[in-house]
J.: 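Once you've had a glance at the structure underneath, I'll fire off some questions.
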Amino acid sequence: MINIKFPDGSVRTYDEGVTAYEIAMSISPRLASDVLAANVKFESDAPESKGTTYDLNRPINADAAVSLLKWDDDDAKRVFWHSSSHLLAEALESLYPGVKFGIGPAIENGFYYDVDLNGASITEADLPKVEKKMMELASKKEEFKRIDVSKAEALSYFEAKGDQYKCELISELEDGTITYYENGAFTDLCRGPHLRCTDVIKAVKLTAIAGAYWRGDEKRQQLTRIYGITFPKKSMLEEYIKVMEEAKKRDHRKLGKEMELFTFSSRVGMGLPLWLPRGSQLRYTLETFLRKRQAALGYLQVVTPNIGSKDLYVTSGHYAKYGKDSFQPIHTPQEGEEYMLKPMNCPHHCEIFRSAPRSYRDLPLRYAEFGTVYRYEQSGELHGLTRVRGFTQDDAHLFCRPDQIQEEFEKVIDLILYVFKTLNFDNYLAQVSLRDPNNKEKYIGSDENWAKAEQGIIDAAAAKGLQTVVEYGEAAFYGPKLDFMVKDAIGRKWQLGTIQVDYNLPERFQLEFTDADGSKKRPVMIHRAPFGSLERFTAVLLEHTAGHLPLWLAPDQVKVLPVSEKYADYAKKVCELMNNSEIRASIDSRNETLGKRIREISMLRVPVLVIVGEKEVADGTLSVRREGVDQGSMPVEAFIDYFKAEVAKELSE
RNA sequence: GCCACUUUAGCUCAGUCGGUAGAGCAACGCAUUCGUAACGCGUAGGUCGCCAGUUCAAGUCUGGCAAGUGGCUCCA
């Protein structure tokens, strides 16, 4: 007999080898039908262990704490979707004999399987057929069977099948730890865990087909990746599809068009956004917001040119690292000099630092610039405003004494959090991006400096109480980063704010300051950009707000609508009063019905509409409508006070 | 850059078996002077992404190129 402890603290005894499914049945059949997997933590496991996700049918052979996992648990979803990928594979094998399989994991929303169709092709038009096959197999109530297998057996099975991908995976595994899972006629190399039976999969949608390199290596075979999502209830799939459709409505590319913010032209060039007047106003407001804050924090605004001599980037190391993969040098016609489009601002700022002797008393020096940079991004990577070839960073470089790094770094974290808070970005992820310890040749600088810089970031994030995740291999080539990641409307992650500690560029540029004792010392640089870039930040901001920007940021804050042209003079008068109070107001007195003008202006997401007609002219008032909601009528002065109070509220800390 | 798909009026989209293109909105004109999300009538607007090919005939079929979309790889 073994003791099984439940999350509520109660303990029951079962025969050794009992399964989680049997345990659930012993509590209630209803529970057993809802349970998808179990978390099992043996008494022999380390105290800090989170336990192991177990198949419902896998025997439990020792005393353990067991919690039964239902759909709401992320671990259960993962099992559900992982099993769904095996169901997809089974369907594909029956429809496309000879298909070979790469890997088929669960992902954040669903699953995929990478397959080699052996010369056959599959298009989106074929997906309904595959979905139908999957549902047919699911309804057969096929059990997932876990089977231990030796390495030799596994290799000979997949060699006979001709599946070189599985053979490659098996060859890297240790004998004695290899398991198969079988569902119906399909056998897969898999560590599991899986569902008990396919019949809990009640709804499936294959969402996309894409190419994906085998093992993520662009030099290797490209496989066909089929993405899908499944649910235990049909209604959940319908709900999911509805949510995705809603999310697509807030795509910044669609909003950018509707709100007349930006456009692209293939004649200008791909990935080169054109900011329309309303978008430029938005961008300018964002710049002013940050500029003001930075001035208060002791930043000094600088301006540097859009090109720089190739030598500058040879010195910085950027040329060696990115030279071949960037826009190629521009040559002067007479002297044959080589210039590059500025891909980043740091080298220019280093030269500003070098332009005069610096004392320890001068530091930290904080040079800020809304610097436009150009980077060659692969054509397939370009995406709306989130990934472009020409963009403007809200960049600054802080030249510090070593003893100032910690404090300066923490102040930058505060600034980024201030920006995020003002714009209601609460779902960000702080990511500590360190260098890949197995791939040090990708980076410049000494191990000692890297260790110092990495520790500095970890300490500063901890001091600020930030919840962070650590990612290896995500550092910049000259230093580690603290990146603030935010998701877009459909869940793609983008890096916005970033802070980087850099010991390397000061060395390459031979930067120095005179310390208190008269000796020359090397400063440390902090690179930082709270928005990241104005382009990407605008994109994510639009998706977060669905275009309903806060009042202070809206390009057009107020539109004044005279009911008919008879009241245009009054409209003009109140509009001027607002403009004098620095409210971005304008008049729409077009010869169109009021209803039509309201509709069009609402589509542009203008937050406040002010309507004036006979009554308002007589009383000296305005009829105010904000975000579609009637705010009643008020005197002009009262409206201006109301407006200013609302803006102040949005910008208050 | 790679794989797949897409490209018709300013925008959103129809266009069947290959027979020289259509709607709504927008624009322009007329009428209207209007009270909280589309008033009415009319006019104009197209090298069907570009270049080849097949055909008596191509928006439609084939190939190449370009741009866009979804992934992959990359991301200073």
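These figures come from a predicted structure and were not determined experimentally. All chains are named by letter (A, B, ...) in the order of the sequence lines, taking the proteins before the strands, and each is independently numbered beginning at 1.
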J.: Whole-Å distance between B:rA76 C1' and A:Lys324 NZ?
T.: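 Taking atom C1' of B:rA76 as the reference, NZ of A:Lys324 is at 16 Å.
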J.: Between A:Lys257 and B:rU12, does any side-chain N or O lie under 4.0 Å from OP1 or OP2?
T.: yes
J.: Taking the P atom in each of B:rU62 and B:rU6, what is the distance between them to the nearest angstrom?
T.: 11 Å
J.: Nearest-Å distance, CG (A:Asn591) to C1' (B:rG29)?
T.: 12 Å
J.: Given B:rC2, B:rA37, B:rC75, which nucleotide is nearest the side-chain atoms of A:Arg625?
T.: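 Selected nucleotide (nearest to the side chain): B:rA37.
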J.: Is A:Tyr322 stacked against the base of B:rA76, taking the criterion as centroid distance under 5.5 angstrom and interplanar angle under 30°?
T.: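 Check passed, A:Tyr322 stacks on base of B:rA76.
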J.: Quick one: CG on A:Asp116 to CG on A:Leu223, what's the gap to the nearest 0.5 Å?
T.: 6.0 Å
J.: Take atom C1' in B:rC41 and the same atom in B:rG53, then report the distance between them in whole Å.
T.: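 One C1' to the other, the span is 48 Å.
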J.: Please pick, from B:rA76, B:rG35, B:rA37, the nucleotide with the shortest atom-to-atom distance to any side-chain atom of A:Tyr478.
T.: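 My answer, after comparing the listed nucleotides, is B:rA76.
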J.: With a 3.5 Å cut-off and just heavy-atom distances, do the side chain of A:Arg267 and the base of B:rA66 make a donor-acceptor pair?
T.: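 No, no donor-acceptor pair under 3.5 Å.
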J.: For RNA chain B, whose closest nucleotide is more 5', that of A:Lys596 or that of A:Arg536?
T.: A:Lys596
J.: Hey, are A:Lys257 and A:Asp251 close enough for a salt bridge, meaning a charged N less than 4.0 Å from a carboxylate O?
T.: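 The answer is no: the pair does not qualify as a salt bridge.
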J.: Would A:Asn345 and A:His397 count as having a side-chain donor-acceptor pair, cut-off 3.5 Å?
T.: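 The criterion, which ignores hydrogens and geometry beyond distance, is not satisfied for A:His397 and A:Asn345.
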J.: Report the distance from atom CD1 of A:Ile226 to atom P of B:rC3, rounded to the nearest whole Å.
T.: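 Distance check: A:Ile226 CD1 to B:rC3 P gives 17 Å.
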J.: Let's see if you can work this out: which of B:rG70, B:rA37, B:rA27 has an atom nearest to the side-chain heavy atoms of A:Arg590?
T.: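 Per side-chain heavy atoms of A:Arg590, the pick is B:rA27.
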J.: Rounded to the nearest angstrom, tell me the gap between atom CZ in A:Arg599 and atom P in B:rA38.
T.: 7 Å
J.: If only side-chain N and O atoms count, and only distance matters, is there a donor-acceptor pair under 3.5 Å linking A:Thr392 with A:Thr372?
T.: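 Yes - a donor-acceptor pair under 3.5 Å links their side chains.
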J.: Say we look at B:rG46 and B:rA23: how far apart would their C1' atoms be, to the nearest angstrom?
T.: 14 Å
J.: Figure out the CD1/P separation between A:Ile209 and B:rC3, and round it to whole Å.
T.: 15 Å
J.: Can you tell me how far P in B:rG64 sits from the matching atom in B:rA4, rounded to whole Å?
T.: 11 Å
J.: Among B:rA76, B:rA37, B:rC74, which is the nearest nucleotide to the side chain of A:Glu377?
T.: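 Ranking B:rA76, B:rA37, B:rC74 by closest atom to the A:Glu377 side chain puts B:rC74 first.
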J.: Take the angle between the ring planes of A:His349 and A:Tyr367 and call it parallel below 30°, perpendicular above 60°, tilted in between.
T.: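 Perpendicular: the ring planes of A:His349 and A:Tyr367 meet at over 60°.
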J.: So if I apply the ring pair (Phe, Tyr, Trp, His ring centres under 6.0 Å) rule between A:Phe101 and each of A:Tyr113, A:Tyr165, A:Tyr112, which one comes out positive?
T.: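 Of all the options given, the one that passes is A:Tyr113.
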J.: Using the ring pair (Phe, Tyr, Trp, His ring centres under 6.0 Å) rule, pick out the option among A:Tyr319, A:Tyr322, A:Tyr443, A:Trp450 that qualifies with A:Phe477.
T.: A:Tyr322
J.: Phosphate oxygens OP1/OP2 of B:rG71: is one of them under 4.0 Å from a side-chain N or O of A:Arg492?
T.: yes
J.: Counting side-chain heavy atoms from CB outward, which of B:rA76, B:rA37, B:rG35 is closest to A:Ile598?
T.: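 My answer, after comparing the listed nucleotides, is B:rA37.
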J.: Regarding B:rC3, can its base be found pairing with the side chain of A:Arg225 as donor and acceptor, where the two atoms are less than 3.5 Å apart?
T.: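 Not at all, since no donor on one side and acceptor on the other fall under 3.5 Å apart.
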J.: Below 4.0 angstrom from OP1 or OP2 of B:rC72, is there any side-chain N or O of A:Tyr213?
T.: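 It does not, given that no N or O in the side chain of A:Tyr213 lies less than 4.0 Å from OP1 or OP2 of B:rC72.
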J.: Do the side chains of A:Glu369 and A:Lys342 get close enough for a salt bridge, i.e. N-O under 4.0 angstrom?
T.: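 The answer is yes: the pair qualifies as a salt bridge.
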J.: For a quick test of reading the model: is some side-chain N or O of A:Lys615 closer than 4.0 Å to OP1 or OP2 of B:rG35?
T.: no
J.: I want to check one thing: is the phosphate of B:rA76, taken as OP1 and OP2, less than 4.0 Å away from some side-chain N or O of A:Arg389?
T.: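 False: A:Arg389 side-chain N/O out of range (4.0 Å or more) of B:rA76 OP1/OP2.
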J.: From the list B:rA67, B:rA37, B:rA76, which nucleotide is the closest neighbour of the side chain of A:Ser266?
T.: B:rA67
J.: With sugar-phosphate meaning primed atoms plus P, OP1 and OP2, does A:Arg220 contact a base, only sugar-phosphate, or nothing at under 4.0 Å between heavy atoms?
T.: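 The residue A:Arg220 makes no contact with any strand.
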J.: What about A:Tyr567: does its side chain form a donor-acceptor pair under 3.5 Å with the base of B:rG35?
T.: no
J.: For B:rA57 versus B:rA21, give the span between their C1' atoms, rounded off to a whole number of Å.
T.: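 Result for the C1' pair: 16 Å, nearest Å.
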J.: Between A:Arg597 and A:Glu600, does any NZ, NE, NH1 or NH2 come within less than 4.0 Å of an OD or OE carboxylate oxygen?
T.: no
J.: Any N or O donor-acceptor pair linking the side chain of A:Asp325 to the base of B:rC74 at under 3.5 Å?
T.: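 A donor-acceptor contact between them is absent.
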J.: Ignoring hydrogens and angles, does a donor from either the side chain of A:Glu124 or the base of B:rG70 sit under 3.5 Å from an acceptor on the other?
T.: no
J.: For the P atoms, the ones on B:rU32 and on B:rC51, what distance do you get once it is rounded to whole angstrom?
T.: 48 Å
J.: Taking OP1 and OP2 of B:rC72, is either one under 4.0 Å from a side-chain nitrogen or oxygen of A:Arg215?
T.: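 It does not, given that no N or O in the side chain of A:Arg215 lies less than 4.0 Å from OP1 or OP2 of B:rC72.
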J.: How close or far is atom P of B:rA26 from atom CD of A:Glu258, stated in whole angstroms?
T.: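 My rounded result for the distance is 15 Å.
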J.: Please determine whether a side-chain nitrogen or oxygen atom of A:His383 lies at a distance below 4.0 Å from atom OP1 or OP2 of B:rG70.
T.: yes
J.: Expressed as a whole number of Å, how far does the C1' atom of B:rU20 sit from that of B:rC11?
T.: 26 Å
J.: Nearest nucleotide by nearest heavy atom, which residue falls closer to the 5' end of RNA chain B, A:Val612 or A:Met270?
T.: A:Val612
J.: Could you tell me whether A:Glu245 and A:Lys242 make a salt bridge, using a distance below 4.0 angstrom between a side-chain N and a carboxylate O?
T.: no
J.: Using a strict threshold of under 4.0 Å (side-chain N to carboxylate O), is an ion pair present between A:Glu168 and A:Arg220?
T.: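 Looking at A:Glu168 together with A:Arg220, the answer is yes, because their closest N to O distance falls below 4.0 Å.
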J.: Nearest of B:rG35, B:rA67, B:rC2 to any side-chain atom of A:Gln222?
T.: B:rC2
J.: Is any side-chain N or O of A:Ser379 closer than 4.0 Å to OP1 or OP2 of B:rG1?
T.: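 Affirmative; the distance criterion is met.
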J.: Expressed in angstrom and rounded to an integer, what is the separation of A:Asp114 atom CG from B:rA4 atom P?
T.: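 That distance rounds to 15 Å.
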J.: Using atom C1' in both nucleotides, what's the gap between B:rG59 and B:rG18 to the nearest angstrom?
T.: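 The answer is 10 Å between these two C1' atoms.
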J.: Since syn is defined as within 90° of 0, does B:rC61 count as syn or as anti?
T.: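 With its glycosidic angle more than 90° from zero, B:rC61 counts as anti.
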J.: Tell me if a side-chain donor or acceptor on A:Arg278 pairs with a main-chain N or O of A:Met259 at a distance below 3.5 Å.
T.: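 Confirmed, A:Arg278 side chain pairs with A:Met259 backbone.
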J.: Using a cut-off of strictly less than 4.0 Å, decide whether A:Thr123 has a side-chain nitrogen or oxygen near OP1 or OP2 of B:rC5.
T.: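 Looking at the OP1 and OP2 atoms of B:rC5, neither is under 4.0 Å from any side-chain N or O of A:Thr123.
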J.: Counting side-chain heavy atoms from CB outward, which of B:rA26, B:rU36, B:rA76 is closest to A:Leu594?
T.: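 Ranking B:rA26, B:rU36, B:rA76 by closest atom to the A:Leu594 side chain puts B:rU36 first.
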J.: Check the distance between B:rC28's P and A:Glu592's CD and give it to me in whole angstrom.
T.: 9 Å
J.: Give a yes or no on whether a donor-acceptor pair under 3.5 Å exists between the nucleobase atoms of B:rC74, that is its base, and the side chain of A:Arg387.
T.: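 It does, because a donor-acceptor pair links the side chain of A:Arg387 to the base of B:rC74 below 3.5 Å.
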J.: Whenever both distances are under 3.5 Å in a Watson-Crick or G-U wobble pair, mark it; put RNA chain B into dot-bracket that way, with [ ] for crossing pairs and | when the partner is on another strand.
T.: (((((((..((((.....[..)))).((((.........)))).....(((((..]....))))))))))))....
J.: Side chain of A:Glu565 only, please: which of B:rU69, B:rA37, B:rU33 is the nearest?
T.: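 Nearest to the side chain of A:Glu565 among the choices is B:rU33.
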J.: Out of B:rA76, B:rG35, B:rU33, which nucleotide sits closest to the side chain of A:Ile611?
T.: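 The nucleotide sitting nearest to the side chain is B:rG35.
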